[in-house]
There are 2 protein chains.
Amino acid sequence: MPKLASAEAPSPFRTRDERVRDREEKREAVLRAAVRMFNARGYHATSLDDVAASLGVSKPTIYHYLGNKEQVLVECVNRGLEMLRDAADATRAQPGKGLDRLRYFLLLYAQINMDDFGRCVIRTNEEVLSMDSATRFRARKREIDLFVRDLIGEGVADGSIAPVDVRFASFALAGALNWPARWHAPDGPMTPAQVADSLIAILIGGLAPRA
Amino acid sequence: MPKLASAEAPSPFRTRDERVRDREEKREAVLRAAVRMFNARGYHATSLDDVAASLGVSKPTIYHYLGNKEQVLVECVNRGLEMLRDAADATRAQPGKGLDRLRYFLLLYAQINMDDFGRCVIRTNEEVLSMDSATRFRARKREIDLFVRDLIGEGVADGSIAPVDVRFASFALAGALNWPARWHAPDGPMTPAQVADSLIAILIGGLAPRA
DNA sequence: TAATCAATATACCCGTGAGTATAGAAAATA
DNA sequence: TATTTTCTATACTCACGGGTATATTGATTA
């Protein structure tokens, strides 16, 4: 009889696992609240008091879940970088010619840049991080950049991409697809997917008319 | 005889005009020093004490020439915006088809974005400005954006540009050509003109191989 | 039941940095 | 020469915000 009660009504008594999950959830809530404010007002202009207030708690609560302000930012950035890494992995498993695979990745890349955590990756400049964090940050962004260059190189090799300068092509793509992190309104009429599609079409096709 | 001395040796006595020019020069020096530090470390992370120290003067000296910290930033941004407006004017006087005129402007645009003051326009986000300044800032950036859209529309109309979505094309171009403000090293091996050329070639030609 | 631990709050400390009050030197003007 | 103006420094005020010391409560474990 006591065993049966488990799935019925939500018991106010939490098991150890539930407590661990609660903790994770709260940590996550702090990060979500923080990243929104960082994106909206900038890191320096956002105080942890503000973040705490927006969650209806006090500052020490944040310190209970995260070490200090920089770590809050670092965790947010890491969430975004993780999404990018996943996108790269998904792309590696993708068939097709270089251009197709590149397009596949760019579509994900652009959309991530319109996500709260992805935006944060773009909007965070290394100067605000400690040297140590900045180094790691740079390294992980470089990983992504190199991945894009590989895809472009692959496309050039198999003829699906014009013989462009790989380095500059990756800069041009990154710039164009990072920019929405600054102008795209999450609650605007265009979905991230639509924005991504439109931008990528232009980048692939170019401005000059096709013969 | 006294008249003749004017152009000979630089007199330690300054005329009224010279004094006005001295003042301008100092003001300008403050802005140059400030914009460099803003670009390097970010606006919030730069104190006016630091700026003053880098010029070998004290903070009140800065306040003597400029009202307050925000005004320092606003003036820097205005310098950049002025360069952009000049570039637009020069382009208006330019002959040729839409694509040629667009290319002409983009070349200037991209280079300005690698200049100290131009960088500052890109790197300054409105959130750090007072509502009033932010509004003016947004308006002047919008001017530039509309100008680019006009050029693209012109090119589409005269057939020199493919029938792209004008709005997204301008976003894609802006993003790609703003990005160097964040990665281009002024003392690196590539000159701004070379960077601009390379990026623009890719944007106009697109990634897909030409038939 | 006692002792411990997790979670949260209140109230504080303290450094930084924007902005100012004041004074003094040098030059310009009367 | 006396007076005012320009330029600059020293030395301050004050608010903000990161971070912490400490107390409280409720649940967990011994």
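Reminder, nothing fancy here: chain letters follow the sequence lines and each chain counts from 1.
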Tell me which pairs pass ring pair (Phe, Tyr, Trp, His ring centres under 6.0 Å) where either residue lies in [range], with sequence neighbours left out.
| range | result |
| --- | --- |
| residues 120-147 of chain B | B/Phe105-B/Phe147 |
| residues 42-61 of chain B | B/Phe38-B/Tyr43 |
| residues 50-71 of chain A | none |

When you measure from the side-chain N and O atoms of [X] to the phosphate of [N], is any distance below 4.0 Å, counting only OP1 and OP2?
| X | N | result |
| --- | --- | --- |
| B/His64 | D/dT8 | no |
| B/Tyr65 | D/dT8 | yes |
| A/Arg23 | C/dA6 | no |

Under 3.5 Å, which donor-acceptor pairs link side chains of residues 176-186 of chain A to any protein atom two or more places apart or in another chain?
unit_1: A/Asn178; atom_1: OD1; unit_2: A/Tyr109; atom_2: OH; d: 2.6
unit_1: A/Asn178; atom_1: OD1; unit_2: A/Asn113; atom_2: ND2; d: 3.1
unit_1: A/Asn178; atom_1: ND2; unit_2: A/Ala174; atom_2: O; d: 3.2

Quick test: give all pairs of protein nitrogen or oxygen and nucleotides 20-24 of chain C nitrogen or oxygen below 3.5 Å, distance rounded to 0.1 Å.
none

Rounded distance in Å - [atom1] ([X]) to [atom2] ([N]):
| X | N | atom1 | atom2 | value |
| --- | --- | --- | --- | --- |
| B/Leu66 | D/dC7 | CG | P | 13 Å |
| A/Gln71 | D/dG19 | CD | P | 11 Å |
| B/Lys69 | C/dA18 | NZ | C1' | 8 Å |
| B/Ile62 | C/dA18 | CD1 | C1' | 12 Å |

* Structure fact -> Given the options A/Ile152, A/Val156, A/Ile204, A/Leu99 meets side-chain contact (heavy atoms from CB on, under 4.5 Å) only with A/Ile204
* Looking at B/Lys26, B/Arg36, B/Glu75, which hits side-chain contact (heavy atoms from CB on, under 4.5 Å) with B/Leu31? -> B/Glu75
* To do: Look at all strands and tell whether A/Thr61 reaches a base, only sugar-phosphate, or nothing, counting heavy atoms closer than 4.0 Å.
  => sugar-phosphate
* Structure fact -> The correct set of residues in residues 26-55 of chain B placing a heavy atom under 4.0 Å from DNA chain C is B/Thr46, B/Ser47, B/Leu48
* Side-chain ion pair, B/Asp132 and B/Arg136, N-O less than 4.0 Å -> yes
* Presence of salt bridge, A/Glu28 and A/Arg32, under 4.0 angstrom -> no
* Asked: Between A/Asp89 and A/Arg85, is a salt bridge (charged side-chain N to carboxylate O under 4.0 Å, His left out) present by the stated rule, with each step listed?
  -> CA-CA 6 Å; A/Asp89 286 342; A/Arg85 190 175 278 179; over 6 Å; no
